[in-house]
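In what follows, a structure is listed as C-alpha cells, so that the remarks can point back to it.
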Amino acid sequence: MDIDNLADRVIAGERRALARAITLVESSRADHRALAVELGRRLAGTERQALRLGMSGTPGVGKSTFIESFGMLLTAKGMKVAVLAVDPSSARSGGSILGDKTRMELLSRNPDAFIRPSPSQTQLGGVARRTREVVTLCEAAGYDIVLIETVGVGQSETMVAEMSDVFLLLLAPAGGDELQGVKRGIMEIADMILINKADGALKPVASRTCADYAGALRLLRKRAMDPEGFPKAMTVSAVSGDGLETAWDEIMTLAQWRREHGHWDGRRAEQARHWFEEEVRMGLLAQLTRSPEMRDRMYALGSKVADGRMAPAVAAYEILSALGAVD
Ligand code: GDP
C-alpha cells in the first residue's frame with residue numbers, strides 16, 4: 001500500500017481515500033496497524049483543526065434526526081461535516097451500516113457531509129480508541145466539524161467526551177422525576193443539554209424539563225473551562241429546526257471563549273495525554289493475551305480465582321511476575 005499517496009489524497013479531501021484510511025485504522029491486523037501509524041505520521045503536519053463535537057443520548061431521543069437537521073444547517077453555512085459513531089450496541093450486532101445511512105438520508109447524500117458507520121469491534125475501549133484516530137483523519141481531510149455520536153450506555157459517554165471539544169447531551173421532554181434518571185456523572189461532563197422534541201404538544205413539557213435541568217446544572221460545581229452561563233440547557237426541535245441556530249451560536253460562543261482563555265488547547269493537550277496512555281495500556285493488555293501460552297495461563301488462573309481457590313491479587317501477582325512487572 002502506498003501510504004504517501006493515500007496521505008496526499010486524504011489531505012486533498014478525497015472521500016474514497018478517507019474511507020480507505022479509516023478502514024486501515026480500524027483494522028486489527030498487525031501489518032495494517034504499522035501502516036496506520038505511518039499514515040498518522042504523514043498526516044500529523046497538516047495541523048488542521050475541526051470542532052470536535054461529542055453527542056450522547058439514549059435511543060429514541062432523536063439523535064439521528066438531530067444530526068440530520070443540524071448537519072444540513074452547518075453544510076448550508078459552508079462547512080464540511082463528518083459524523084462518526086461510538087456505539088456499544090453495534091459491537092454486538094456487527095455494525096450498522098444500513099442503519100446509519102437510512103437514519104440520515106439527506107445528510108448521507110450531501111457532498112459536504114461524510115457519515116461513517118459504527119465500526120464493528122467487540123470491545124468498547126477498542127472502538128473508542130480507533131474512533132479517536134478517525135477523528136484526526138477527518139480533520140486532516142479538511143472537515144470543519146467532526147460530530148461523534150454515542151448511545152448513552154455505560155462508559156461510552158465518558159470516552160466520547162474525552163475526544164470532544166464540546167460535549168452535548170440530548171434529552172427528551174419528560175416528567176420531573178425523570179431528572180433522577182440522568183446520572184450525575186453525565187451531567188458533569190455535558191457542556192450543553194439539549195431538550196429535543198420541543199414542538200407541538202410536547203413543547204410545554206420540553207420547556208419545563210429544560211427549566212428543571214437548568215436548575216440542576218446551576219447546582220453543579222463551577223468548572224474553570226466554562227464561561228458564565230455554562231453548562232447550559234436549552235430546547236430544540238430536530239424536526240422543525242427550532243432552536244438549532246441558537247444551539248449553534250451557543251456552541252460557537254463556548255468554543256470561542258475556551259480558545260481565548262486557554263481552555264481549548266489545554267483540554268486537547270490533556271486529552272492527547274490521556275489517549276496516549278490509554279493506547280499504551282491497551283497495547284500491553286493485548287500483548288498479555290497474544291501468546292497462547294499466556295492466554296492459557298490467564299484462563300487457568302481466572303478459573304482458580306472464580307472457584308475461590310486463589311485470591312485475585314495472588315493470581316495477578318503470578319502473571320505480573322511472569323511478565324517481570326513486579327517491583
Ligand atoms: P435516535 O434513536 O436517538 O437516533 O432517535 P431518532 O432520531 O431515530 O428519533 C426517534 C423518534 O423520535 C423518531 O420517530 C423521530 O421522528 C422522533 N423525533 C426526533 N426528533 C424529534 C423532534 O424534534 N420532534 C418530534 N416531535 N419528534 C422527533
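When a ligand or atom number is given, it counts from 1 through the structure's own listing order.
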* Asked: Around ligand 1, what residues show up once you keep those with a heavy atom under 4.0 Å from it?
  -> T58, P59, G60, V61, G62, K63, S64, T65, R103, N196, K197, D199, S237, A238, V239

* Counting N and O atoms only, with roles assigned by atom type, does the side chain of D144 sit under 3.5 Å from a partner on the main chain of K80, one being a donor and the other an acceptor? -> yes

* Could you tell me how the ring of F70 sits relative to the ring of W248: parallel (under 30°), tilted (30 to 60°) or perpendicular (over 60°)? => perpendicular

If you look only at distance, which donor and acceptor atoms sit under 3.5 Å apart when one is on a side chain in residues 232-243 and the other is two or more places apart or in another chain?
| from | atom 1 | to | atom 2 | distance (Å) |
| --- | --- | --- | --- | --- |
| K232 | NZ | E250 | OE1 | 3.1 |
| K232 | NZ | E250 | OE2 | 3.3 |
| S237 | OG | D199 | OD2 | 2.5 |
| S237 | OG | V239 | N | 3.4 |
| S237 | OG | S240 | N | 3.0 |
| S237 | OG | S240 | OG | 3.1 |
| S240 | OG | D242 | N | 3.1 |

* Asked: Other than V280, which residues form its hydrophobic cluster under the rule that side-chain heavy atoms must be closer than 4.5 Å?
  -> F276, L284

* Pairwise salt bridge (Lys or Arg N to Asp or Glu O under 4.0 Å) hits with a residue in residues 43-53, at least two apart -> R52-E139

* Is the count of non-hydrogen atoms from other residues, nucleotides or ligands lying under 6.0 Å from E277 atom CD greater than 12? -> yes

